[in-house]
Every structure is written in C-alpha cells, then in structure tokens.
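Single-structure report; data block below.
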Amino acid sequence: MKPSEVLVLAVLVVCQAAVAQETADGGSGHEAAEQPTRQAGGGEQAPGKKPRHRDRPKKKPPEQSPVEVVITAPRPLSRDNTGDEVLVEGQQLARSPQDSMLEALAREDANVYVPARGVLHGIASGATGSIHMRGLGGSPNTQVLVVEDGVPDYQGIFGHPIPDAYLPFLVDRVLLVKGGDSVLYGNNAMGGAVVIRSRWLESPGCQLLADSSWGSYFTQRQVAGLLANLGSWDLAAAFVAMSSDGHRDGAGGRQLVGISAARYRFANGLRLVLRNKFVHLKGADPGPASHPFADHWFAVWRDNAALQLSWRPAGVRLETRLYANSGVHRLYDGFYSVDYVAGGALEATLYLHPGYRLLLGLAAETAGGRVEDRSSGERPTVRSLSDTSCYQQFQLRPVEELELVVGARALLQASYGTALLYKGGLRWLLGGGFALRTRLARNFRHPTIRELYLPFPTANPGLRPEHSLNWDLGASYQSRHLEIRCTVYRTAADDLIKYFGSWPTAEVVNIDHIVIWGVEARVALRKLGPFSFFLAGNWQDVGRYTRQNPSAKMNFGLQARWPLGRQAIAARLEGQWVHGLYMADYGRRPLDDVFVVDASLRYRYRLPGRGLVLEPYLLLRNLLDNRYAYIEDYLMPGLNFSAGLRLEM
Amino acid sequence: MAGLLLGALVLGGCEDIYPEVVVVNRTGEKILLRNASFSGCLWQQVLAFGESSSPGRCLPGEDRVHFQKLDVGSYCQQQAEDGTIDGVCACSQGQCLPADSDPDLVNERPLWFNYQTVTSYRVGYGEFHLVEITCEDWEQDFSVPGPYGH
C-alpha cells in the first residue's frame, strides 16, 4: 500500500471512530443551539433568545416524546442589510469554468469587473486580477478590499491581495458589498468589499474531497480537501496544486496553496479558531503578443495566519481577531521584497432589544517590509504604516418592515491624523416581495508603501489619503421564481491616487474630485423546472479616468439540473460582454469589446451504500473561440477545455 | 458523434494546432535580425542573411513581424571611422585616415533598432506560414507598448 493510501485510510478510521463516539453520546457534542438562526431578511438573532414565530415548526410531531428541534445555521455573512450586497455560494464558485475565484465572482455580478490574461493573474507589471466595483479599484489594485474570515487580506507593501491566492474549495459563501463599507471593514473598502467565509462541516462526521483535472495547454489541477466535525473539534484543510504551460510562450506557471484551520468549541460557548494559508506562485509575464517578453518571471511565497476567539453569552457576542500576513516576492529584474501586515480587532455585538443591535469595535493594523533591487543594490527607505480605529454600527428595526443602520468609524493614523468615516442606510420591505433600500457611506484608503516610497516606477511621499462618498438607491422584487433588482449609484471621490506616464517620466499624484454615476440591474428566473437563468447589466459614466474602467458590462447564466435518483446531470452556460474598455485615461487606447461564452457539464453519481460521490465534468472556455483581450495585446486563450473528476466521501 | 466532438475539443484546445510560423531573414548580407516576434511567439536568436528561425506555435490572428535590426556594415564602417579597433581604419586612396570623432561620443556597442514588417499576416489554426523579411517590407517600430502597471 502506498503512503498516501495509508494516510487516507488513517483519516477515515479516525473520522469513523469519532462519528461512532458521537452517536454513542447522542450527538451532544454539537452545540448548534448556540448558533444564531438565519432570518428571512438576512438578519441575525440574539444568541440565547427564542426563535421567532416563523422559525418555529408549524406542526407538532406525532405522539412521541418531546422532540428537541435544533436549528443549525452559521451566522449571516451580511452585517448591514441596507447595503447593496450579492451573496454567492462557494460551491457555485468551485464549479465555475473560470480559472480563478475572482473571475468567477465577476461572472456573477455585472458591477464587478476582473481582467485576466490567462490561467494565472501573476504579480507586478503585466499582472491582472484587479477588482473593480462602482468605478473604483484597478490599477493599482486597491480600493476594493478582500476580507477573508474577518481578516483583511492585502500585501504590506503593495496594498492589494494576490488574485491567484483564492480558491473556492473551502469557501462557504462570498458576499460582494458594492459601494464599500469603511465603517465596518476599514481602510481600502472604498469601491467595494469581497467578504469571504470559509466552510466548516456543521454536522458530525468527516468529508473528503478530491478533484483532479487536466486540460488544454497541459494544465493540471489537483485538489485534496478534508472537512471534519469531531466532537468539539472542527477541522478544515485543503491542498491545491496547479501547473500549466499557458496558452502562449511565457504564460504558464505553477500554483501551490495549502489551507488548514481548526476550531475548538468550548462547552461555555467560547470558540477558538486557528487558520493558516500558504501560497506559492511561480510564473511569468509573457508580455504583449506583438512584443513578447522572455523570462520575465516572478516567484511569490506568502503565509497568512489568524487566530479568532468568540464568545456568545446571552444578549451579547464578543469576538477578537489577531492576524499576520507576510510574503516574499522576487522578480526577474532583481526586485526582492519582504512584507508583512499584522493587526487585531475586538468586537462586541449587543442585542439590546429585539430588532435593536449595537456593534462596537476596536481595530489596529500595521504594514511594512523591506525592498531591494538586487541587480543594482538599491534599497529604498520604507516606513511602516500603522492605524488604529474605533467603530460602531447601530441597527434598529422599529417595525418589522423597516430597518435603519447608522455607523461611524474614527481612523487614526500618525501621518494623516484622524479620518471620520460614516454611513447611514435604510431598507423598507414594502410587502408582496417588493423592497426599497438606500445607503450613503463615506469610505477611505490611505496610500500604500509602494505609492509613497518605491521608485518602481515612481513614488510620492507627499500623497494624501483617498476618500469617497458612495450613495445608492435600489428597488427589488423577489418571489420564489423571479428576482428583479435595480440600483442607481453615485460615487464621488476626492484625492484619488493615479499614475500618469511611464518610466522615466512617470508620476503618481492625487487627483482632485471625480463623480461616477451608474445604474445596474439584474433579472433572475429560478427553478423553472430544471432551469435557472439570470441576466445582469451595469452601465456607468466614469468620466475622464477610463483606464481599465469599462463603461458597460453584461453577464448571463443559464443552468439546468436534472436529478435522476442517485444521479444528477448539471449543465451551465455563462457569458460576459464588456464594453468601453480603454488602456489609458481620457478615452485613449480603446480596446475591442469583450464577448466570451463558457460552459460546463457535470454528471454526479452517488454510489449506493458507501457514501462516495463521483462527479466527472467538462469545462469549456471561450466556446465561440473569440479573439479578445482585457489588457491591450495580452490575448486571451481561444477555445480551451478542462476535464476532471471530483470525488466526495 | 461524441468522439468527434471530443476530438474537436481536444484539438481546439491544444497548442499543437496553433499556427506554425517560421521567419526568414531576406534583408541583406550585412544585416542581422534578432528577437523576432509574431502573435505571441518570440525567437530569441540572431538571424543572419538567409537564416530562418525555428518553427514557433503562435496565437491565431493577425500581426506584423516585429524584430530588431543591426546593419553590421554600417556598424563596422562607423567603428573604423572612430578608430575603436586596433589596426582598422577608414581609408581614402589607400591612406589610413585618422579618427576625428569626439571620444565622448564614440559608442562601441552595436545599436539594434526596433523594426516591423509593413505587411500584416493573418494566421489560423492548423496553418503553416513562412514569413520572409525583406528590405522593401520593413519600417521602424514605434509600437512597443509600455508596461501595464499593476
């Protein structure tokens, strides 16, 4: 027997033993009653309180001994229902034909734009994967914050996340907070926030996952994952390895990601969570297709670690987080950097009265590192950036149909003084499935170390922080089969940091004031027999700053699922159209519209008796074999495919 | 039918049916070309007159051939006039002329200039193209794009 088989067997034996012990104990180890129940409106109920009337079972069970109904549901991901938010299931992202999770997210919402250049996004010059929302974000890849399990994820020096580091296999849900929310999430959540929550196994047992795929350009992806719920312990782990030759010379690379997490549930409601994620990327910038680069390689090692402690006595929820994120980046031209971000937060949620909730928080964060050009020996002086903030959010529901949210954050930074951020929102359930909502939020981003100090290509220590005032107004209708949403938004930003020109005459400066108006809409038809469909569109007037800031985008998805007893067949067709793309501001260097259609076909079969699920699948990308590019002269692959097999046990 | 579809997908997705392109230097006996590129392909080799590159699998589509050019004849003549090579000089009527260049302006490193073909070539899946670069079909290439900062 091979060592890997021995390891899998050992894990299975441990899991089965734990499940057997759990059964013998009557399942008492699972303290689900301490978890808040999920509300229809996405709200959260106070821990320890009785569920509301609509959550109670309507019929009593037949004449039996009293049955304890245990409702298990994780806490809602959204903490502000007045925001324009879209919730995406992690497993939907995991089954997407897209190469990266951020691209898969961009296919779910027309207001999210993520450019790509091939199988990897990469880092440094020529990289893609920046997230754009509400006319903000992009180059540099900031202004949209990614929050992973409550922890802001960005590099200390460059101030943005690594787009290739997100893998959906252990993601429970992703919340897209459009319009940002610096009150709740702090620095960088200007145009939006991508809030990721990882999966846990909520019922006792053990789940193993393996996914192997092979496809065009010798692209191979291997995934092994484990989720376990063993008494008071929850475990989650995944290892992903990907390698590809790329669709053109220099576009290939390797990706290794390892995620491990453990959660211990104490008897008194205390929970301790430890997480770690390491990422290794190796690839290259292939350069423009007409003038390719030779061996413009990059190599990245990063590690994120976080510790979370939460406690839920009656009427209050306390949570503290400590985190550290560090990495080493090396480039072909001698660039070498070591960076870190470390911080912590302390939050208390007070359930004052049914419908009234107060969130209080304290947060502190520091980012720094060192940089050198190993070819010239140059070592720019880099100063670390630190900030401290306190914030609060008050939610009140005077009547069932009306929800009001107000919040404020005072963010103190040594270089820039105190920034006062605020927000206010309202959601009104009109009845019959109709709802109105509006929100105004003042958001913030301070300059990154790169913008302040690194002369690659230029820096400006005199930069001021960016501020934005985001407003939106939305109406929605929702029924069992139909969802219609429409939102008008306005983004007004001051002191945005922009790069102009190119080396050696490049400069990075604050620009004065810009206003972006836009409108987005979404129509979704759900569960019409085996079919579901959505169509989403976004139009925005971005003014003069047109660089990688498209004026229009549409997405559609048509999916069908046919359950056949132990088997199921699922098919999905999705597409994206991007219009008004430019490579420069002021409408210069226009790009052709992007239109791309992808498809996936899956067959799922549950083996009788053994709990093993086999899921062979086929992913087809660029079905129409269109020649398109998000970045000028970085042509995307033509028709290509992946075929794989997913196993669950 | 399913096999045909699968075969078409495999072929359509694989690099092996990308168009194959070879570049040949037909410019002049004293002209060297290097770093020729076309639609995602880069040949990091120096092509003397008459030499051809190795076949490259390029992206389907349309592009010009971009390359760097060195006129070795002009370079040698300039070096002779500058007197940078011992025993080599510019001469007139059998007499060696003294170098009269300002030493601060003398450049001994050969300068490779960016050029491209005037003609654009369209290539498709499964095709083979042999592109001959000639002096009648080139122009200076100012299209080298700047880096896309991230």
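Chain A is the first sequence line, chain B the second, and so forth, proteins listed ahead of strands; every chain is numbered from 1.
Interface remark: B/E62 contributes backbone atoms only to the contact with chain A (heavy atom separation under 4.5 Å).
The candidate from B/N114, B/N35, B/V65, B/D141 with the greatest count of non-hydrogen atom pairs under 4.5 Å with chain A is B/D141. The candidate from B/H66, B/Q116, B/R64 with the greatest count of non-hydrogen atom pairs under 4.5 Å with chain A is B/H66.
Below 4.5 Å, heavy atoms of chain A meet heavy atoms from B/Q44, all part of residues 44-53 of chain B.
The ring pair (Phe, Tyr, Trp, His ring centres under 6.0 Å) check on A/W297 picks up nothing, with sequence neighbours excluded. Residues satisfying the salt bridge (charged side-chain N to carboxylate O under 4.0 Å, His left out) test with B/E29, not counting sequence neighbours, are none. A/T448 is linked by a side-chain hydrogen bond (donor to acceptor under 3.5 Å, both in side chains) to A/E451, counting only residues two or more places apart in sequence or in another chain.
Remark: the A/Q155 side chain and the A/D339 side chain contain no N/O donor-acceptor pair separated by less than 3.5 Å. When only modelled atom types and interatomic distance are considered, B/D137 and B/T119 share a side-chain donor-acceptor pair under 3.5 Å. Side-chain polar atoms of A/S642 and A/R621 form a donor-acceptor pair below 3.5 angstrom. There is no side-chain donor-acceptor pair under 3.5 Å between A/H160 and A/T142.
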